[in-house]
Asks: 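Quick one: this structure, given as structure tokens, is what I'll be asking you about.
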There are 2 protein chains.
Amino acid sequence: MKIGELSKTTGCSIQTIRYYEKEGLLSTPERTEGNYRLYGERALKELEFIKHCRSLDIPLTDVKRLIELKNKPEESCASVNKLIAQQLALVNNRMRELKALKAELQQMASSCTTENTVEACGIIKSLDS
Amino acid sequence: MKIGELSKTTGCSIQTIRYYEKEGLLSTPERTEGNYRLYGERALKELEFIKHCRSLDIPLTDVKRLIELKNKPEESCASVNKLIAQQLALVNNRMRELKALKAELQQMASSCTTENTVEACGIIKSLDS
DNA sequence: CTTGACTCTATAGTCACTATAGACTTTATA
DNA sequence: TATAAAGTCTATAGTGACTATAGAGTCAAG
């Protein structure tokens with residue numbers, strides 16, 4: 001299949017697919033006589049793997065490392081484990097941040113009644129303090 | 001005070017301060033004879049306001065709008081209210097995403113015992129599916 | 001045979017910074 | 001007083017993970 005079809009079946013934009021190729025995350029595809037990229041089942045799987053990793057917010061550098069590890073099936077997966085644990089720690093941190101953030105925003109939202117002027121606005125006041 | 005001192009008292013890096021100025025978020029400071037920026041109480045307050053907004057993940061374009069609104073104290077603060085509500089909605093969305101993310105990462109982490117090889121690794125398997 | 005859809009490469013833009021180079025100014029030390 | 005060190009200046013490039021655009025080439029249908 002050509003890049004347009006791969007894009008549709010995976011939901012990745014065409015530019016993103018080309019970008020992943022450039023970054024060495026997708027293996028170099030064959031080309032037609034007219035220089036169009038040609039993909040098969042393998043590319044589809046590679047792309048789905050990347051998509052899945054990205055949906056977990058795993059950065060592309062780490063995705064690349066995971067792909068390299070996948071290609072060394074006999075090695076220990078301790079580093080895979082570590083990578084996921086780090087990712088989990090990041091997510092936990094971010095969640096904690098967002099909770100605090102949410103609390104403050106809610107507090108702010110409740111301090112403003114729409115009839116106010118900017119001058120009297122509780123939101124502006126709390127941002128100022 | 002000069003930019004270094006402002007940087008230390010606010011915790012904003014020097015480059016960030018200059019960046020905010022360039023983007024029109026900080027008012028243009030006076031200069032010494034040697035062309036050094038000179039700041040006073042006002043700049044300090046402006047910068048604290050921006051910092052507070054940023055700590056709430058409010059994008060700089062919106063911070064700019066808030067600053068403009070602050071300077072029109074007689075207008076209605078409905079738009080301030082709306083902006084904060086949108087920000088809250090964003091945060092809520094992101095929290096929902098992160099919850100799902102965390103669940104999957106935890107699931108993955110628990111599917112890997114460190115003694116495994118990459119080949120048998122539960123994490124790689126679940127990323128593949 | 002031409003129109004339109006698709007693809008190609010190369011480049012610039014996004015956001016909010018961070019980092020660097022190379023020059024200038026000011027302060028501290030010898 | 002000379003000089004070294006610290007601070008500041010502007011301008012530019014880099015970050016991550018894309019997205020958008022320009023301008024050219026390819027291919028299938030009418």
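Only this structure's heavy atoms are used, side chains among them; waters, hydrogens and symmetry mates stay out. We name chains A, B, ... by the order of the sequence lines, and we start the count at 1 in each one.
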Asks: For residues 18-25 of chain A, dump all side-chain donor-acceptor pairs below 3.5 Å to protein atoms at least two apart in sequence or in another chain.
Replies:
| residue | atom | partner | partner atom | Å |
| --- | --- | --- | --- | --- |
| Glu21(A) | OE1 | Arg37(A) | NE | 2.7 |

Asks: Scan the side chains in residues 100-109 of chain A for donor-acceptor partners under 3.5 Å anywhere in the protein, sequence neighbours excluded, and list what turns up.
Replies:
| residue | atom | partner | partner atom | Å |
| --- | --- | --- | --- | --- |
| Lys102(A) | NZ | Asn92(B) | OD1 | 3.2 |
| Glu104(A) | OE2 | His52(B) | NE2 | 2.5 |

Asks: Just the atom pairs and distances: protein N or O near nucleotides 14-18 of chain D's N or O, under 3.5 Å.
Replies:
| residue | atom | partner | partner atom | Å |
| --- | --- | --- | --- | --- |
| dA17(D) | OP1 | Leu60(A) | N | 3.3 |
| dA17(D) | OP2 | Leu60(A) | N | 3.4 |
| dC18(D) | OP2 | Tyr20(A) | OH | 2.8 |
| dC18(D) | OP2 | Arg54(A) | NE | 2.8 |

Asks: Tell me if a side-chain donor or acceptor on Asn35(B) pairs with a main-chain N or O of Arg31(B) at a distance below 3.5 Å.
Replies: no
Asks: Which residue lies toward the 5' end of DNA chain C, Lys2(B) or Asn35(A), if each is placed at its nearest nucleotide?
Replies: Asn35(A)
Asks: Nucleotides 23-25 of chain D: which of its N/O atoms have a protein N/O under 3.5 Å away?
Replies:
| residue | atom | partner | partner atom | Å |
| --- | --- | --- | --- | --- |
| dG25(D) | N2 | Tyr36(A) | OH | 2.8 |

Asks: Below 4.0 angstrom, N of the basic side chain to O of the carboxylate: do Asp62(B) and Arg65(B) qualify?
Replies: yes
Asks: Quick one: Gln15(A) CD to dA22(D) P, roughly how many Å, whole number?
Replies: 13 Å
Asks: Thr9(A) and Leu47(A): side chain to side chain contact (heavy atoms under 4.5 Å, CB included), yes or no, with the steps?
Replies: CA-CA 10 Å; Thr9(A) 51; Leu47(A) 196 46; over 6 Å; no
Asks: How far apart are the C-alpha atoms of Ile3(A) and Tyr36(A), what are their side-chain angles, what is the distance that settles it, and do they pass the side chain to side chain contact (heavy atoms under 4.5 Å, CB included) test?
Replies: CA-CA 8 Å; Ile3(A) 200 167; Tyr36(A) 285 11; over 6 Å; no
Asks: For Arg37(A), answer base if it contacts any base atom (sugar-phosphate contacts may also be present), sugar-phosphate if it contacts only those atoms, and nothing otherwise; contact means non-hydrogen atoms under 4.0 Å.
Replies: sugar-phosphate
Asks: Would you please test Leu66(A) and Cys53(A) for side chain to side chain contact (heavy atoms under 4.5 Å, CB included) and show each step?
Replies: CA-CA 9 Å; Leu66(A) 285 174; Cys53(A) 290; 4.0 Å; yes
Asks: How would you give the extent of chain A contacts on DNA chain C, as first and last nucleotide 5' to 3' within a 4.0 Å heavy-atom cut-off?
Replies: dC6(C) to dT9(C)
Asks: Name the residue closer to the 5' end of DNA chain D, choosing between Lys22(B) and Lys8(B) according to the nucleotide with the nearest heavy atom.
Replies: Lys8(B)
Asks: Counting only heavy atoms from other residues, nucleotides and ligands, does the tally under 6.0 Å from CD of Glu30(A) exceed 12?
Replies: no
Asks: Keeping to residues at least two apart or across chains, list the salt bridge (charged side-chain N to carboxylate O under 4.0 Å, His left out) pairs with something in residues 78-98 of chain A.
Replies: Arg94(A)-Glu97(A), Arg94(A)-Asp57(B)
Asks: After noting the C-alpha distance and the side-chain angles of Glu46(A) and Arg42(A), does the key distance pass the salt bridge (charged side-chain N to carboxylate O under 4.0 Å, His left out) rule?
Replies: CA-CA 6 Å; Glu46(A) 287 176 352; Arg42(A) 184 178 162 200; 3.4 Å; yes
